[in-house]
There are 2 protein chains.
Amino acid sequence: MLTFSISEENHIKAIYHLQHGDQSVSTNQLAAELNTKPASITDMMKKLKAKKIIHYEAYKGFKLTPEGRKTALMIIRRHRLWEYFLSEKLQFSWDEVHEVAEELEHVSNEKLINKLDEFLDFPRFDPHGDPIPDASGKIEISRQIALSELAINKVAVVCNVKDQSADMLDLLNHKSIALGTKLEVKKKFDFDGSLELKIGKQPLINISRQLAENIYVKI
Amino acid sequence: MLTFSISEENHIKAIYHLQHGDQSVSTNQLAAELNTKPASITDMMKKLKAKKIIHYEAYKGFKLTPEGRKTALMIIRRHRLWEYFLSEKLQFSWDEVHEVAEELEHVSNEKLINKLDEFLDFPRFDPHGDPIPDASGKIEISRQIALSELAINKVAVVCNVKDQSADMLDLLNHKSIALGTKLEVKKKFDFDGSLELKIGKQPLINISRQLAENIYVKI
DNA sequence: TAATATTTTTAGACAAATCTAAATAAATAA
DNA sequence: TTATTTATTTAGATTTGTCTAAAAATATTA
């Protein structure tokens, strides 16, 4: 059975995320995502091609093969199960889990992950609201949209945040927006894309387009 | 704060184990322990010396510095906490935990380990009966002796097994000896060092000196 | 469509961790 | 105490993953 180095796993996972379903990924895109140089990406793509993880022809971008996709889903499964564990069992806060899970995800013992899954009672979503693939690699399509896309007067629940920088989390905290927060868009300003939100019985608050594009809600 | 590669951590841990307290460790010893070549050990020792983890002069063997010992104890802490977790929470059997913990021990987030410790309710011994260092690196001196050293007619509890090869575990299984088994030595044969044991109400069983030297008991 | 800009790849270098083979130091035996 | 054996180190090579600088391919724009 094919095994992968930590670096290979990180590349596979990044390609999966950048594909957004079925789009082809470019060298520069992947280099940016992984904070590395385009030349390094080319090197790695040759290796992943040899391992039949991606389809790749020079200058043409790359896509995961079915095998590659399955590998990516297993890495994501590990990552999200550990995030759930950290949050649920070790009381890590929402914004702390990602960094630690980035390391834990590379421990690839299959029994470990399946037993962990069972111990956690087969959770379906991680603390950011992202779906957790099951042992066979099946993943739920979650009905998530950016808050900026939410229709006026429709109630939705915050389930995910794209950018998880400290600045972002500071702002969310200030606005009292957290995972699970129920909210409703009361007005959209076309001029700058800012929104007026209703959260519970609080007075309406205003958020920028930039923030709204980074908050995902489940409808 | 100094960080270590997985390979460096494995070397530090192995030196700690081979020191048995305060003995100096040789190049060949360490090479044998890590299934690597003496030349590779020399390379690594130069690096660890530069990081002030060991005392080392060419041809003179090596010993951990106080800093090195502390580092080793933290790695061992992680290892044993994960072993406890695997055994206690994920129902891994006693002989499966080591291999997985060898990987998990290199995830070095301090908060993770301290929270895990708390979640497990601060266990003092891992599933093999080895003591778990606390957050400050303190480690209990466990009152363990080889079964071959146990006095006649003194009840003791199996708490550790030195050699954990499949052959060894197969033999233990056959003899119905497991961690936590209460037993008593009823007779010692000086000729070959074999022992007659009483386990509960079962008929007496016989074990070889070699086996007795590899089973540790708490008195 | 020719010129320019951008993207991607190639060529060659480097650090980490390991190896083999040869050289050297230390230990042991004659 | 000299010769031999054993242990350790050095020298130089290899693999993996990365880099920079330059070349080549592709895309864009005038």
Side-chain angles (χ1 to χ4, degrees), chain A residues 1-16 18-19 23-64 68 71-72 75 102-103 105-108, chain B residues 1-15 18-20 23-64 68 71-72 75 102-103 105-108:
Chain A
M1 199 248 207
L2 222 41
T3 63
F4 300 97
S5 69
I6 290 176
S7 179
E8 287 173 330
E9 290 196 346
N10 285 333
H11 282 78
I12 294 167
K13 191 177 54 149
I15 295 170
Y16 178 90
L18 291 174
Q19 273 196 205
Q23 286 169 246
S24 157
V25 178
S26 77
T27 303
N28 273 1
Q29 256 185 302
L30 191 51
E33 175 81 8
L34 291 170
N35 281 307
T36 179
K37 302 293 164 184
S40 311
I41 298 297
T42 301
D43 290 343
M44 186 56 91
M45 292 309 102
K46 287 179 185 168
K47 210 190 315 177
L48 292 183
K49 184 190 179 180
K51 286 188 167 187
K52 300 190 198 289
I53 288 305
I54 57 168
H55 297 295
Y56 167 59
E57 293 306 326
Y59 296 102
K60 300 258 169 73
F62 23 86
K63 259 186 203 188
L64 294 174
T71 305
I75 301 164
E102 283 289 299
E103 291 199 57
E105 74 184 4
H106 300 296
V107 176
S108 65
Chain B
M1 200 247 205
L2 222 41
T3 62
F4 300 98
S5 69
I6 291 176
S7 180
E8 287 173 330
E9 289 195 348
N10 285 334
H11 282 79
I12 294 167
K13 192 177 54 150
I15 295 170
L18 291 174
Q19 273 196 207
H20 291 302
Q23 285 167 247
S24 156
V25 179
S26 78
T27 303
N28 273 2
Q29 257 185 301
L30 191 51
E33 176 81 9
L34 292 169
N35 282 306
T36 178
K37 303 293 165 185
S40 312
I41 298 297
T42 300
D43 290 343
M44 186 56 91
M45 293 309 103
K46 286 179 184 167
K47 210 191 315 180
L48 292 183
K49 185 191 178 181
K51 286 189 167 187
K52 298 190 199 292
I53 287 305
I54 58 168
H55 297 294
Y56 168 59
E57 293 305 328
Y59 296 102
K60 300 257 169 74
F62 23 86
K63 257 186 206 190
L64 294 174
T71 305
I75 300 164
E102 282 289 299
E103 291 199 58
E105 73 186 1
H106 300 297
V107 176
S108 66

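Model, not experiment: these values are computed from the prediction. Throughout, a chain's letter reflects where its sequence line sits, starting with A, and its residues are numbered from 1.
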Asks: Suppose we define a pair by two distances each less than 3.5 Å, Watson-Crick or G-U wobble; what does C:dA30 pair with here?
Replies: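 Matched C:dA30 with D:dT1 under the 3.5 Å cut-off.
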Asks: Look at atom NZ of B:K51 and say whether more than 12 heavy atoms of other residues, nucleotides or ligands are closer to it than 6.0 Å.
Replies: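 Atom NZ in B:K51 is crowded, with more than 12 foreign heavy atoms closer than 6.0 Å.
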Asks: Could you report the tightest heavy-atom contact between A:H55 and A:L64, atom names first, then the distance?
Replies: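 Where A:H55 meets A:L64 most closely, the heavy atoms are CD2-O, 4.0 Å.
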Asks: Have a look at A:A39 and say if it touches a base, only the backbone sugar-phosphate, or nothing, with a 4.0 Å heavy-atom cut-off.
Replies: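 If one applies the 4.0 Å heavy-atom cut-off, A:A39 turns out to touch a base.
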Asks: Expressed in angstrom and rounded to an integer, what is the separation of A:E9 atom CD from D:dT16 atom C1'?
Replies: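 Taking CD of A:E9 and C1' of D:dT16, I get 15 Å after rounding.
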Asks: If you check the B:T27 side chain, which of D:dT9, D:dC19, C:dT8 turns out closest?
Replies: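 In terms of side-chain proximity for B:T27, the closest of D:dT9, D:dC19, C:dT8 is D:dT9.
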Asks: Take the protein atom CD1 of A:I41 and the nucleotide atom C1' of C:dT9, then report the distance between them rounded to whole Å.
Replies: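 Atom-to-atom, A:I41 to C:dT9, this comes out as 13 Å.
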Asks: With a cut-off of less than 4.0 Å, is there a side-chain N or O of A:S5 near OP1 or OP2 of D:dT16?
Replies: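 Result: no.
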Asks: Do you know the tightest heavy-atom contact between B:A31 and B:P38?
Replies: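 Closest pair (atom of B:A31, atom of B:P38, distance): CB-N, 3.8 Å.
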Asks: Nearest whole angstrom, please: distance from the C1' of D:dT16 to the NZ of A:K51.
Replies: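 Atom NZ in A:K51 sits about 11 Å away from atom C1' in D:dT16.
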Asks: Between C:dT10 and A:T42, is there an OP1 or OP2 to side-chain N/O distance shorter than 4.0 Å?
Replies: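 The answer is no; no side-chain N or O of A:T42 sits under 4.0 Å from OP1 or OP2.
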Asks: Tell me the interatomic distance from B:K60, atom NZ, to C:dA27, atom C1', rounded to whole angstroms.
Replies: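 It works out to 14 Å between those atoms.
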Asks: How far does CZ of A:F62 sit from CG of A:L48, to the nearest 0.5 angstrom?
Replies: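 So the CZ of A:F62 and the CG of A:L48 are separated by 9.0 Å.
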Asks: For DNA chain D, whose closest nucleotide is more 5', that of A:H11 or that of B:A58?
Replies: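 Of the two residues, B:A58 wins.
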Asks: Categorize B:K46 for me: base, sugar-phosphate, or nothing, with a 4.0 angstrom heavy-atom threshold over every strand shown.
Replies: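 If one applies the 4.0 Å heavy-atom cut-off, B:K46 turns out to touch the sugar-phosphate alone, with no base involved.
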Asks: Expressed as a whole number of angstroms, how long is the span from B:K37:NZ to C:dA21:C1'?
Replies: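 Atom-to-atom, B:K37 to C:dA21, this comes out as 13 Å.
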Asks: Any base atoms under 4.0 Å from A:S7, or only sugar-phosphate, or nothing? Heavy atoms, all strands.
Replies: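 Sugar-phosphate, backbone atoms only, no base.
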Asks: Write down the atom of A:M44, the atom of A:S7, and the distance for their closest heavy-atom approach.
Replies: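 Heavy atoms only, the tightest pair is CE-OG, 3.2 Å.
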Asks: Side-chain N or O of A:S40 versus OP1/OP2 of D:dC19: is the shortest distance under 4.0 Å?
Replies: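 Checking D:dC19 against A:S40, a side-chain N or O does come within under 4.0 Å of OP1 or OP2.
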Asks: B:M45 has an atom CE; how far is it from atom P of D:dT10, in whole Å?
Replies: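 It is 14 Å, rounded to the nearest whole Å.
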Asks: Rounded to whole angstroms, how far apart are CD1 on B:I6 and P on D:dT16?
Replies: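 To the nearest whole Å, that distance equals 17 Å.
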Asks: Choose from D:dA7, C:dT18, C:dT20 the nucleotide whose nearest atom is closest to any side-chain atom of B:N28.
Replies: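 The listed nucleotide nearest to B:N28's side chain is D:dA7.
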Asks: B:Y56 near the nucleic acid: base, sugar-phosphate alone, or nothing, with a heavy-atom cut-off under 4.0 Å?
Replies: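 If one applies the 4.0 Å heavy-atom cut-off, B:Y56 turns out to touch the sugar-phosphate alone, with no base involved.
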Asks: Could you state the CE-C1' distance from B:M44 to C:dA16, rounded to the nearest angstrom?
Replies: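 Distance, rounded to whole Å: 9 Å.
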Asks: Could you say whether A:D43 or B:Y59 is positioned toward the 5' end of DNA chain D, judged by the nucleotide with the nearest heavy atom to each?
Replies: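 Of the two residues, B:Y59 wins.
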